[in-house]
Amino acid sequence: MRALTLSAHGGLDRLEVRDDLPVPDVVSPTDVRVRVQAAALNHLDLFVVEGMPGVTITPPWVMGADGAGVVDAVGSEVQGIAPGDMVMINPGISDRSCEYCLAGEQPLCPRYRILGEHLPGTLAEYVVVPAPNVRVVPAGTPPAIAAAFPLSTLTAWRMVVKRARVEPGDDVLIWGIGGGVALAALQIVKRIGARAWVTSGSDEKLARAREMGADETINHRTTDVAREIRARTSKRGVTVVVDSVGEATWTKSLGALGRAGRLVTCGGTSGPMVQTDVRRLFWNQWTIMGSTMGNDSEFDAITAELRDGRLLPPIDSVHPLSDARAAFERLASGQQFGKVVVRIEE
Ligand SMILES: [Zn+2]
């Protein structure tokens with residue numbers, strides 16, 4: 001089968017389309033095989049290319065976490081999913097046997113693995129995943145939308161709904177509108193009825209965010225975000241910050257956060273090491289919380305949103321598999337507004 005593979009950690013020049021890989025077999029009775037129609041990129045994929053501590057790949061490594069397509073084979077114990085169903089894939093794979101999994105909190109599984117990072121990914125003609133990791137999407141859903149939806153939306157949903165517990169009265173700051181998680185967070189915050197504050201270094205992206213319902217926009221390249229938020233809120237600050245940028249934004253996130261505020265983070269695209277003044281943390285009675293991916297019931301919840309036509313991810317661009325490296329270059333440029341998608345079927 002054809003797939004986008006990584007020959008070794010390093011730069012994007014290590015990415016290579018190959019057509020000589022074996023089609024994966026359905027081995028476990030609870031697995032399904034998906035003929036992938038589209039895959040979507042996440043910042044995670046760039047980290048995989050660079051290499052991450054503790055993650056070992058076996059070249060030729062098949063890239064890609066997000067994907068959608070048509071089920072073409074199912075294990076003997078699979079129920080409710082049949083060949084021919086169009087599905088989207090939750091790329092977070094858990095062992096389904098530990099105490100966290102049994103409690104329904106799969107992302108806390110000590111053996112949690114992510115497609116394309118720890119397991120062969122979705123940038124391939126076929127991928128095999130456990131049946132609980134797929135959900136049927138309505139026939140006619142564009143493959144690009146179904147592929148672009150799961151990781152960003154699941155991550156943002158858990159951050160906003162489960163962890164930060166955003167309510168209609170909240171003011172929520174979202175950094176870097178244009179990225180997948182930030183755009184999903186914006187849509188979820190507006191769905192809840194809270195006020196969304198978004199930042200970007202691009203006025204054009206801010207204008208597009210306003211069209212999507214953002215209440216307040218700030219250009220973080222030309223404006224001190226924390227100071228601006230203090231000015232626009234009579235010094236009160238926001239109640240929630242959604243931060244996935246890390247080093248470059250952390251201090252300003254805290255500077256924007258009001259008393260008893262909650263900061264939720266799902267990553268550090270600009271770098272992992274952040275500083276927090278513990279005196280401000282306790283005096284302001286802040287809550288700083290981490291979040292990653294989403295559990296089965298959250299996957300159900302976002303699937304219901306998709307079926308109702310809500311939280312649909314903006315698509316920045318769609319690239320053919322033969323030119324998938326261009327998709328990675330687009331993501332690495334930071335110029336995108338929405339998801340960067342790779343079409344697998346020609
Ligand atoms: Zn587990």
Side-chain angles (χ1 to χ4, degrees), residues 24-34 36 39-40 42-45 47-48 52-58 61-68 71 73-81 87-122 124 126-136 147 149-165 180-181 184 244 264-268 272 288-306:
D25 289 320
V26 173
V27 177
S28 160
T30 54
D31 279 350
V32 302
R33 185 169 65 195
V34 178
V36 183
N42 294 280
H43 208 91
L44 170 68
D45 299 300
F47 286 138
V48 171
M52 287 184 283
V55 176
T56 310
I57 62 158
T58 319
W61 184 250
V62 178
M63 299 290 299
D66 265 329
V71 173
V74 301
S76 58
E77 293 174 16
V78 171
Q79 294 180 336
I81 305 282
V87 296
M88 61 181 177
I89 299 168
N90 170 1
I93 314 286
S94 57
D95 64 11
R96 303 202 165 266
S97 60
C98 74
E99 58 183 305
Y100 299 104
C101 287
L102 295 178
E105 284 292 10
Q106 293 82 13
L108 292 170
C109 181
R111 281 166 293 277
Y112 199 67
R113 295 176 297 172
I114 298 178
L115 296 179
E117 181 181 356
H118 312 96
L119 294 165
T122 54
Y126 294 91
V127 65
V128 170
V129 294
N133 280 76
V134 303
R135 293 290 183 276
V136 175
F149 189 74
L151 194 152
S152 293
T153 314
L154 198 52
T155 301
W157 185 274
R158 187 172 176 88
M159 290 174 89
V160 171
V161 176
K162 168 87 173 256
R163 301 291 282 134
R165 296 184 181 278
V181 171
S244 60
V264 59
T265 174
C266 69
I288 295 176
M289 56 189 100
S291 190
T292 198
M293 305 295 282
N295 65 23
D296 285 359
S297 65
E298 289 153 357
F299 192 29
D300 286 332
I302 67 162
T303 301
E305 296 290 311
L306 179 81

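Counting starts at 1 for both ligands and their atoms, following the listed order.
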Q. Under 2.8 Å from the Zn ion (ligand 1), protein N/O/S atom count?
A. 4

Q. Which pair of heavy atoms, one from Pro24 and one from Arg33, lies closest together, and at what distance?
A. O-NH1, 3.0 Å

Q.
Rounded to the nearest 0.5 Å, what separates atom CD1 in Ile57 from atom CE in Met63?
A. 8.0 Å

Q: Could you pull out the closest heavy-atom pair between Met159 and Thr265, with the gap in Å?
A: CE-C, 3.7 Å

Q: Please indicate whether Tyr112 has more than 12 foreign heavy atoms, meaning atoms of other residues, nucleotides or ligands, lying under 6.0 Å from its OH.
A: yes

Q: Check Leu44 against Ala65 and note the closest heavy-atom contact, atom names and distance.
A: CD2-CB, 4.4 Å

Q: With rounding to the nearest 0.5 Å, note down the distance linking CG in Leu108 to OG in Ser94.
A: 10.5 Å

